[in-house]
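Only one structure is covered here, and it is reproduced in the block below.
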There are 2 protein chains.
Amino acid sequence: MPLPIPGSQVRGSKSGKPIMALLDLLGRTWSLGVIWHLSQGPATFRQLQQRCEQISPSLLNTRLQELKILQLIETRSDGYALTSQGRSLFEIIAPLGQWSKDWANHLPAESES
Amino acid sequence: MPLPIPGSQVRGSKSGKPIMALLDLLGRTWSLGVIWHLSQGPATFRQLQQRCEQISPSLLNTRLQELKILQLIETRSDGYALTSQGRSLFEIIAPLGQWSKDWANHLPAESES
DNA sequence: TACCTTGCTACTAAATATGTAGCAGAGTAC
DNA sequence: GTACTCTGCTACATATTTAGTAGCAAGGTA
């Protein structure tokens with residue numbers, strides 16, 4: 001499965017339902033991370049590498065190409081940036097930031113016992 | 001990296017920030033899918049396998065154990081179900097269903113030319 | 001011309017996911 | 001009690017994906 005394009009078969013679903021394509025895309029390592037970090041503002045390749053701490057350049061490039069084809073990010077003079085579609089996606093998942101904190105507080109036994 | 005537990009190091013981040021743990025978790029194949037399909041109601045192991053179309057039992061079991069430890073799902077008499085935390089997470093990502101449809105409509109060149 | 005930095009490619013090793021077979025336990029039917 | 005079925009799940013070999021590291025080509029500076 002090269003790319004999870006809505007309308008075609010994707011990993012995990014033959015139906016090609018857009019939501020399945022999206023879940024496939026977001027389920028790939030670093031997809032969400034790249035979007036999350038780019039939401040802080042445009043970044044060059046190397047800046048993004050630093051924001052993502054531990055991503056390898058080959059994988060970063062792969063993800064960037066995917067996200068670019070799927071029109072969630074674009075290349076501009078100041079580096080990579082979210083498109084308006086990418087931003088609207090981020091606005092949906094933005095509350096995850098707060099949610100994850102609440103979640104962490106309810107998992108006390110694991111994080112430190 | 002066994003499990004993305006907030007507070008400990010996770011794949012892609014040494015900080016242990018909850019959001020990074022969450023992004024790691026959701027970035028694993030089928031994590032989002034399992035949550036998505038479970039949101040339609042509780043399901044037994046084999047029912048879930050069918051909803052997920054193409055998940056292998058070994059991976060399904062792995063994900064179920066992870067999500068159970070992280071308290072997003074629980075086992076009940078009628079099978080697996082989202083916990084209240086799981087449901088609150090789903091409520092955040094629920095709009096992705098509609099978003100993905102809009103997204104698909106803006107990618108006409110790929111889905112069908 | 002020598003030296004940086006940047007975006008990115010190449011390549012190997014390690015980790016993850018797929019796919020298929022099938023087991024052990026519970027329930028029912030004879 | 002033994003044969004049949006269904007369930008949750010494990011085992012394991014194969015295929016795919018990701019990590020990790022080295023380094024190249026292009027562009028700018030000095």
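Order of the sequence lines sets the chain letters (A, B, ...), proteins ahead of strands, with each chain counted from 1.
Residues satisfying the side-chain hydrogen bond (donor to acceptor under 3.5 Å, both in side chains) test with A:S84, not counting sequence neighbours, are none. Scanning for side-chain hydrogen bond (donor to acceptor under 3.5 Å, both in side chains) contacts around B:Q98 gives B:D102, with sequence neighbours left out. With sequence neighbours excluded, no residue forms a side-chain hydrogen bond (donor to acceptor under 3.5 Å, both in side chains) with B:T62. Partners of B:Y80 under the ring pair (Phe, Tyr, Trp, His ring centres under 6.0 Å) rule, at least two apart in sequence or in another chain, do not exist in this structure.
Each salt bridge (charged side-chain N to carboxylate O under 4.0 Å, His left out) pair with one or both residues in residues 73-86 of chain B, not counting sequence neighbours, appears once here: B:R76-B:D78.
Here A:S58 lies in heavy-atom contact (under 4.0 Å) with a base. Counting non-hydrogen atoms under 4.0 angstrom, B:T44 reaches the backbone sugars and phosphates but no base. The residue A:S56 sits close to a base: some heavy atom pair falls under 4.0 Å.
What separates CG of A:L59 from C1' of C:dT12 is a distance of 16 Å, to the nearest Å. Spacing between atom CG of B:L60 and atom C1' of C:dT20 amounts to 16 Å, rounded to whole angstrom units. Spacing between atom CG of B:D24 and atom C1' of D:dA19 amounts to 14 Å, rounded to whole angstrom units. Counting to the nearest Å, the P atom of C:dT5 and the CD atom of A:Q47 are 14 Å from each other. One interatomic measurement links the two molecules: CD of A:Q54 to P of D:dT21, which rounds to 10 Å at whole-angstrom precision. Atom CD in A:Q49 sits about 14 Å away from atom P in D:dA22, given to the nearest Å. Computed from coordinates, the B:Q50 CD to D:dT7 C1' distance equals 12 Å when rounded to whole Å. With rounding to whole Å, A:I55 atom CD1 is found 11 Å from D:dG20 atom P.
Not one N or O on the side chain of B:W103 forms a donor-acceptor pair closer than 3.5 Å with the backbone of A:G86.
Distances shown here put every side-chain N or O of B:Y80 at or beyond 4.0 Å from the OP1 or OP2 atom of D:dT7. Residue A:R28 has no polar side-chain atom (N or O) positioned under 4.0 Å from OP1 or OP2 of D:dT18.
Both B:T62 and A:N61 lie close to DNA chain C; mapped to their nearest nucleotides by heavy-atom distance, the more 5′-ward contact belongs to A:N61.
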- Nucleotide by nucleotide, nucleotides 22-27 of chain C touches protein heavy atoms under 4.0 Å in the pattern (B base, S sugar-phosphate only, - none) ------

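In this structure, of D:dC9, C:dT18, D:dT18, it is D:dC9 that holds the atom nearest to the side chain of B:F45.
Using a 30° and 60° split on the angle between ring planes, A:W30 and A:H37 fall in the tilted class, from 30° to 60°.
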